[in-house]
Visitor: 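Starting off with a structure, shown below.
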2 protein chains.
Amino acid sequence: MTTLKDVANAVGVSVATVSYVLTGRGSVSKETSLKVMAAVKKLGYRPNRTAQAMRTGFTQSIGLLLPDLTNPFFPQLAQKIENAARQRDFSVLLVDCQSNPDTEAEAFNLLKQQGVDGIIWCPSSDIAPDSIHSVGCPVVLIDRPISGFDSVYSDYYKGGQLLGEYALSMGHTQVGLLSGPKHIEGARKRRQGFIDSVTGPDKNLTIVWDLEVPFSTELSPESLQRLNEKDVTLIVAADDLIAVGAISALNEIGQRVPEDVSVTGFDNIPWSTVVTPKLTTINQAISAMGGQAVDILAEKISEPDMPIRTVLLDVELVERHSVKRVKA
Amino acid sequence: MTTLKDVANAVGVSVATVSYVLTGRGSVSKETSLKVMAAVKKLGYRPNRTAQAMRTGFTQSIGLLLPDLTNPFFPQLAQKIENAARQRDFSVLLVDCQSNPDTEAEAFNLLKQQGVDGIIWCPSSDIAPDSIHSVGCPVVLIDRPISGFDSVYSDYYKGGQLLGEYALSMGHTQVGLLSGPKHIEGARKRRQGFIDSVTGPDKNLTIVWDLEVPFSTELSPESLQRLNEKDVTLIVAADDLIAVGAISALNEIGQRVPEDVSVTGFDNIPWSTVVTPKLTTINQAISAMGGQAVDILAEKISEPDMPIRTVLLDVELVERHSVKRVKA
DNA sequence: AGAATTAACTTAAACGTTTCACATATATTA
DNA sequence: TAATATATGTGAAACGTTTAAGTTAATTCT
């Protein structure tokens with residue numbers, strides 16, 4: 001590794017001077033400045049980030065704390081975040097807590113110890129572990145907001161509404177809900193948005209059943225049983241994973257989608273276009289979510305007194321082939 | 001942040017002593033050792049990794065350089081690697097180069113600058129950029145070996161063979177190959193394994209066409225056209241992505257899988273079980289791959305003179321529903 | 001011309017560790 | 001008992017940067 005001293009010696013000047021031309025802070029003549037630049041380039045000098053961190057307190061790295069990379073919602077997000085961060089000259093330290101609350105709590109201590117300048121966090125539940133309070137750096141939440149923190153997430157309520165309106169418009173009257181975990185606000189909002197938009201004096205839609213299931217393709221025995229009863233024409237799943245799980249289960253018991261039952265998802269993960277039939281679902285602006293998250297985090301790192309912001313991302317219905325119109 | 005000096009003051013002892021009890025290196029009495037431990041716990045002291053790195057030259061972090069997280073093969077790998085690394089007290093710095101060779105080359109400089117102790121790298125092609133030679137830390141390759149480096153990867157050749165034998169056993173005689181990029185050794189090996197196992201005097205199988213396509217669900221116009229010609233009973237795709245792309249395309253032109261055409265994949269990514277029909281494919285031991293990679297890397301970090309190793313992971317055929325037996 | 005300002009550069013301290021070299025007290029040996 | 005070894009502890013240097021404070025020479029002001 002070539003150091004500041006190496007280039008200083010090469011030019012015949014002090015390390016301070018070299019540092020000043022590199023940071024652009026001191027006062028140095030055009031002439032020596034050029035000589036320094038030349039030496040830097042010639043020697044391939046790059047400042048040692050560790051030493052910089054030691055002195056400045058900033059590591060130029062951020063933590064990315066996710067519940068589970070194998071949930072296909074996250075890789076896109078992670079990729080976008082990593083790229084956006086890198087463009088701002090930040091590295092990203094990845095922690096996948098596998099949805100384990102203890103690991104998640106410990107992750108904050110770990111990231112603090114590594115000296116990250118900030119953290120982008122997608123919580124696995126609605127409550128924040130104590131360890132977050134001593135972390136001493138900005139934290140911005142993605143996808144799952146918690147009050148008191150900067151957050152960027154999609155308009156789940158609207159997504160639910162969109163689905164409700166669509167269900168109505170396609171003439172469905174008997175629907176089943178595969179709602180997500182109650183301890184996740186986003187899941188509650190989707191459900192509420194749907195319910196609010198399909199209930200009312202002029203609406204003719206009844207929610208035949210409403211089950212709480214995890215965000216996973218593995219369905220509970222209870223929901224499997226419900227699927228068997230053939231009492232609904234539309235199943236509204238809380239996310240695409242649940243939706244594809246439902247489609248599989250339906251196929252296994254000889255029900256065709258959408259001919260016999262329709263299914264909707266939420267998220268628009270890549271899977272939704274490879275299953276048969278292609279999933280009608282709600283698209284989240286994942287790219288924007290990642291970009292906004294690092295924007296806000298970067299801003300808060302350089303300006304810690306910024307007020308707390310929450311940015312709400314618009315969603316839209318993407319109509320594919322998993323919902324059939326029913327006749328009256 | 002509480003520092004060494006803080007706990008030293010609390011105990012009434014020098015920083016050196018505290019450091020010695022923490023590292024277990026010096027000679028310190030049982031008594032003071034206990035007092036120090038108590039103070040450490042009470043103050044919640046954790047060594048500052050940056051400072052440790054400054055002194056020791058080791059950051060306790062490794063780089064993970066991947067071509068593209070949105071390729072569903074990688075998230076599992078990344079998750080496994082992150083977890084294995086964390087258990088060994090290493091953090092992981094993620095870089096997703098989006099298959100861009102320039103970004104990939106630059107990533108090595110970046111990681112070097114960050115001072116990672118080692119790098120796990122999945123190259124996007126068969127050649128290593130120059131920047132890797134000045135990186136100054138161990139590098140272990142996963143999935144795509146390059147000679148001269150430690151690597152862990154699956155037995156692609158055998159995978160190809162398994163597929164070939166299976167094709168024979170299911171009575172297929174007319175097959176089309178959707179081979180992967182020629183510049184990737186793994187793709188070449190799969191293809192060769194297949195070809196070697198289906199050609200011979202006693203074998204009655206002809207490869208009607210053999211196209212080179214990228215590892216993606218997007219098929220080339222040429223391959224789309226081939227799919228239309230209905231001259232084969234089995235399509236052997238170089239990976240699961242290509243396979244699901246083929247299935248989609250086939251569906252669109254009214255060909256049923258596997259009734260009209262059979263399809264096989266490679267990798268056994270999660271997608272392979274959510275598409276219809278579920279994909280018959282070759283399983284890679286991804287978990288083992290990740291684990292081995294960090295094992296080897298960790299060993300090489302503490303013992304840089306270890307000879308170069310390459311570990312070959314066994315593969316197996318997983319038979320699902322995308323291949324039909326044909327009559328003679 | 002003398003005083004004051006400024007431009008250009010250097011010296012040295014500091015960040016939090018680890019570890020070498022040294023100091024002191026206690027225990028062991030001849 | 002004197003000499004030596006051992007156990008326990010401390011002081012200070014070093015890692016590579018940034019930056020406050022200081023120095024020198026050149027420039028500007030009255």
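The sequence lines fix the lettering, A, B, ..., with proteins before strands; numbering per chain opens at 1.
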Visitor: For a quick test of reading the model: is some side-chain N or O of B:Thr32 closer than 4.0 Å to OP1 or OP2 of D:dG9?
Guide: yes
Visitor: Using a cut-off of strictly less than 4.0 Å, decide whether A:Gln52 has a side-chain nitrogen or oxygen near OP1 or OP2 of D:dG16.
Guide: no
Visitor: Just wondering, do B:Gln114 and B:Thr59 contact through their side chains at under 4.5 Å, heavy atoms?
Guide: no
Visitor: In whole Å, what is the span from the CG atom of A:Asn48 to the C1' atom of D:dT18?
Guide: 13 Å
Visitor: Please determine whether a side-chain nitrogen or oxygen atom of A:Ser27 lies at a distance below 4.0 Å from atom OP1 or OP2 of C:dT6.
Guide: no
Visitor: What is the distance, to the nearest angstrom, from the CG atom on A:Asn9 to the P atom on C:dT10?
Guide: 11 Å
Visitor: Whether A:Asp126 and A:Arg144 form a salt bridge (side-chain N of Lys/Arg under 4.0 Å from carboxylate O of Asp/Glu) is what I want to check.
Guide: no
Visitor: Between the protein and nucleotides 21-25 of chain D, are there any N/O to N/O pairs under 3.5 Å, and if so, what are the atom names and distances?
Guide:
none

Visitor: Need to verify one output field. Residue with the more 5' nearest nucleotide on DNA chain D, A:Ala16 or B:Glu31?
Guide: B:Glu31
Visitor: What is the distance, to the nearest angstrom, from the CD atom on A:Gln60 to the C1' atom on D:dT17?
Guide: 14 Å
Visitor: Run the salt-bridge test on B:Asp117 and B:Lys300 with the 4.0 Å N-O cut-off and return the result as yes or no.
Guide: no
Visitor: Please test B:Asp295 against B:Arg309 for salt bridge (charged side-chain N to carboxylate O under 4.0 Å, His left out), starting from the C-alpha separation and ending with a verdict.
Guide: CA-CA 12 Å; B:Asp295 284 352; B:Arg309 278 167 293 181; over 6 Å; no
Visitor: B:Arg46 vs A:Glu106, test: salt bridge (charged side-chain N to carboxylate O under 4.0 Å, His left out). Steps then yes/no.
Guide: CA-CA 13 Å; B:Arg46 289 221 183 182; A:Glu106 175 60 12; 2.6 Å; yes
Visitor: Rounding to an integer number of Å, can you tell me how far A:Met54 CE sits from D:dT18 P?
Guide: 13 Å
Visitor: Counting only side-chain N and O atoms of B:Ser19, is one of them less than 4.0 Å from OP1 or OP2 of C:dT18?
Guide: yes
Visitor: Rounded to whole Å, please give me the gap between CZ in B:Arg25 and C1' in D:dT8.
Guide: 18 Å
Visitor: Using 4.0 Å as the upper bound for N to carboxylate O, is an ion pair formed by A:Glu82 and A:Arg86?
Guide: yes
Visitor: Evaluate side chain to side chain donor-acceptor pair (under 3.5 Å) for A:Asp96 paired with B:Gln79, printing each intermediate quantity in order.
Guide: CA-CA 6 Å; A:Asp96 178 327; B:Gln79 181 180 66; 2.9 Å; yes
Visitor: Could you state the atom-to-atom distance from NZ of A:Lys5 to P of C:dT11 in whole Å?
Guide: 12 Å
Visitor: For D:dG9 and B:Ser29 - does any side-chain N or O of the residue sit under 4.0 Å from the phosphate oxygens OP1/OP2?
Guide: yes
